[in-house]
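Remarks on the structure that follows.
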There are 2 protein chains.
Amino acid sequence: MAVPFSPLPSANKPQGVRVTPASPLFLREDEIRRGIELLYFGYTAMIRGADAILEQQGLGRAHHRALYFIARRPGLSVGQLLGLLGITKQSLGRVLTDLSARGLVEQAVGHADRRQRLLSLTPDGAALEARLFTELERSMARAYGEAGQQAVTGFWAVLMGLVPPEARAEVEALQG
Amino acid sequence: MAVPFSPLPSANKPQGVRVTPASPLFLREDEIRRGIELLYFGYTAMIRGADAILEQQGLGRAHHRALYFIARRPGLSVGQLLGLLGITKQSLGRVLTDLSARGLVEQAVGHADRRQRLLSLTPDGAALEARLFTELERSMARAYGEAGQQAVTGFWAVLMGLVPPEARAEVEALQG
DNA sequence: AGAATGGGACAGCCATGTTGACATATCTGC
DNA sequence: GCAGATATGTCAACATGGCTGTCCCATTCT
């Protein structure tokens with residue numbers, strides 16, 4: 001995947017973003033609220049980038065989430081995807097029906113367990129997911145680059161801390 | 001506001017969370033995807049905590065967001081809230097009508113400009129917002145505590161980097 | 001006075017979440 | 001091999017919370 005900086009920003013020094021560092025009393029209400037707000041605005045800013053592409057395809061964010069995870073773990077089962085998204089069978093069913101009807105997602109019968117339907121992207125689906133990913137990547141790479149390598153580690157650590165401990169293994173597994 | 005740790009965790013050492021640090025090639029696709037996924041799971045984990053309280057009140061997440069920002073900036077105008085939420089007048093109108101009808105939000109005529117409606121929470125509204133905030137705080141404080149002070153600074157820096165530069169001033173202003 | 005602005009309200013549409021019930025195919029344990 | 005559990009799909013119905021378009025009123029600005 002293309003690295004959208006050439007040359008790479010020097011890895012350890014924050015570039016454009018200056019944030020006031022967390023104080024030693026970083027559990028005060030103000031600093032908690034700062035985190036809540038930045039998480040809200042940062043999250044919405046990141047996903048908003050893909051909306052134009054989705055709209056032009058007549059798809060929504062729910063379709064994007066499904067495409068994303070199928071791209072990330074090709075061959076995952078419907079049940080696994082359900083677990084990742086945390087929605088109901090019906091909600092996901094509509095989305096998968098749409099994506100199959102448009103020829104973006106394929107289903108294969110499970111090898112070990114023939115009840116399972118293993119999901120993967122068709123070439124068209126993969127192409128669309130790549131376009132969508134490029135949008136997310138643009139935001140995220142800029143933020144990483146501006147903040148610096150060390151900040152990225154902290155970013156990951158706090159976010160992983162937000163995930164309930166029971167659910168962390170699943171997130172890690174996705175990234176193995 | 002109660003700090004839910006006593007004593008405070010030592011401020012500089014990550015406690016419970018171990019994340020593999022970002023590599024010097026931290027703009028590779030894998031590390032971008034890791035950020036996207038952690039942002040998604042972290043964000044949803046944080047807000048999910050308040051859902052039970054909202055449901056028991058017959059309110060939704062849209063109501064929560066409005067309550068949150070009115071609590072954060074009492075006396076803000078409808079237009080300012082509209083700008084923060086990034087939704088349309090109609091969508092916000094429904095929410096504000098609900099909240100006013102339940103006696104959670106009050107509107108006062110603007111002092112400088114009498115066309116404006118300045119929003120604030122009633123005592124009941126403030127009490128509900130405090131309960132909701134406590135839920136978010138619980139997640140966030142745990143994550144901060146596990147990750148450590150330095151990680152929190154990095155967390156902020158990356159998130160601020162995700163916000164488009166034109167919008168950063170508004171986020172900062174909220175937190176001034 | 002006339003235009004622009006802040007806010008409210010109508011009707012209606014769409015995406016995406018929910019519950020509950022039920023059907024089918026397949027697997028697992030006894 | 002049969003009984004029960006599991007994976008998936010599907011139907012109907014409903015709620016939330018976005019959206020558009022239009023119109024209106026009060027107020028402010030020029």
Side-chain angles (χ1 to χ4, degrees), chain A residues 40 43-44 47-48 50-70 75-102 105-120, chain B residues 40 43-44 47-48 50-70 75-102 105-120:
Chain A
Y40 170 69
Y43 177 74
T44 62
I47 63 177
R48 189 155 295 166
D51 284 351
I53 298 173
L54 288 168
E55 188 179 2
Q56 128 194 4
Q57 302 285 323
L59 299 175
R61 290 177 178 177
H63 300 92
H64 186 185
R65 288 193 288 274
L67 285 174
Y68 181 93
F69 286 117
I70 297 171
L76 91 174
S77 71
V78 171
Q80 288 173 323
L81 181 53
L82 228 33
L84 287 172
L85 294 173
I87 60 177
T88 59
K89 221 178 8 164
Q90 323 309 320
S91 298
L92 179 58
R94 262 188 311 229
V95 168
L96 286 182
T97 301
D98 285 355
L99 294 175
S100 292
R102 287 162 189 265
V105 164
E106 284 177 334
Q107 310 201 352
V109 172
H111 31 279
D113 183 337
R114 294 170 44 83
R115 290 171 304 180
Q116 294 181 333
R117 296 294 172 264
L118 308 185
L119 302 165
S120 58
Chain B
Y40 170 71
Y43 177 74
T44 62
I47 63 176
R48 190 154 294 167
D51 284 351
I53 297 173
L54 289 169
E55 189 179 1
Q56 126 194 7
Q57 302 284 323
L59 300 174
R61 290 177 179 177
H63 299 91
H64 187 185
R65 287 194 287 274
L67 285 174
Y68 181 93
F69 286 117
I70 297 171
L76 90 174
S77 71
V78 171
Q80 288 173 323
L81 182 53
L82 227 33
L84 286 172
L85 294 173
I87 60 177
T88 59
K89 218 176 17 161
Q90 324 310 320
S91 298
L92 179 58
R94 265 188 310 227
V95 168
L96 286 182
T97 302
D98 286 355
L99 293 175
S100 292
R102 287 162 190 264
V105 163
E106 282 176 334
Q107 310 201 351
V109 171
H111 30 278
D113 184 336
R114 294 169 44 82
R115 289 171 303 181
Q116 294 182 333
R117 296 294 173 265
L118 307 185
L119 303 165
S120 58

Rounded to whole angstrom units, what separation is found between the [atom1] atom of [X] and the [atom2] atom of [N]?
X	N	atom1	atom2	answer
A/D98	D/dT10	CG	C1'	15 Å
A/R94	D/dC11	CZ	C1'	12 Å
A/Q80	D/dT6	CD	P	16 Å
B/L92	D/dC19	CG	P	11 Å
A/Q116	D/dT8	CD	C1'	10 Å
A/Q107	D/dA7	CD	P	16 Å
B/R115	D/dA26	CZ	C1'	9 Å
A/L119	D/dG9	CG	C1'	13 Å

Heavy-atom closest pair (A/L99 atom, A/A66 atom, distance to 0.1 Å) is CD1-CB, 4.0 Å

Residues in side chain to side chain contact (heavy atoms under 4.5 Å, CB included) with B/R48, at least two apart? B/T44, B/D51, B/R61

Begin from the C-alpha positions of A/Y40 and B/L85 and carry the test side chain to side chain contact (heavy atoms under 4.5 Å, CB included) through to its verdict. CA-CA 10 Å; A/Y40 170 69; B/L85 294 173; 4.2 Å; yes

Side-chain N or O of B/T88 closer than 4.0 Å to phosphate OP1/OP2 of D/dG18: no

Pairwise 5' ranking along DNA chain C for A/H111 and A/G86, keeping only the more 5' one: A/G86

Please tell me which of B/T97 and A/G110 maps to the more 5' nucleotide of DNA chain C, matching each residue to the nucleotide holding its nearest heavy atom. B/T97

Full working for side chain to side chain contact (heavy atoms under 4.5 Å, CB included) between B/R65 and B/L84: CA-CA 10 Å; B/R65 287 194 287 274; B/L84 286 172; over 6 Å; no

For A/G93, which contact category applies under a 4.0 Å heavy-atom criterion: base, sugar-phosphate, or nothing? nothing

Starting the side chain at C-beta, find the nucleotide from D/dT22, D/dT28, D/dT8 nearest to A/K89. D/dT8

What's the closest nucleotide to the side chain of B/Q90 if the choices are D/dT28, D/dT20, D/dA7? D/dT20

Covered region of DNA chain C, 5' end to 3' end, by chain A [heavy atoms, under 4.0 Å]: C/dT16 to C/dC27

Determine whether B/V109 and B/R117 make a side-chain contact, defined as any pair of heavy atoms from C-beta on separated by less than 4.5 Å. yes

Is B/L119 close to B/Q107 at the side-chain level, that is, under 4.5 Å between some pair of heavy atoms? yes

A quick test of your reading: do over 12 heavy atoms of other residues, nucleotides or ligands sit less than 6.0 Å from CD of B/E55? no

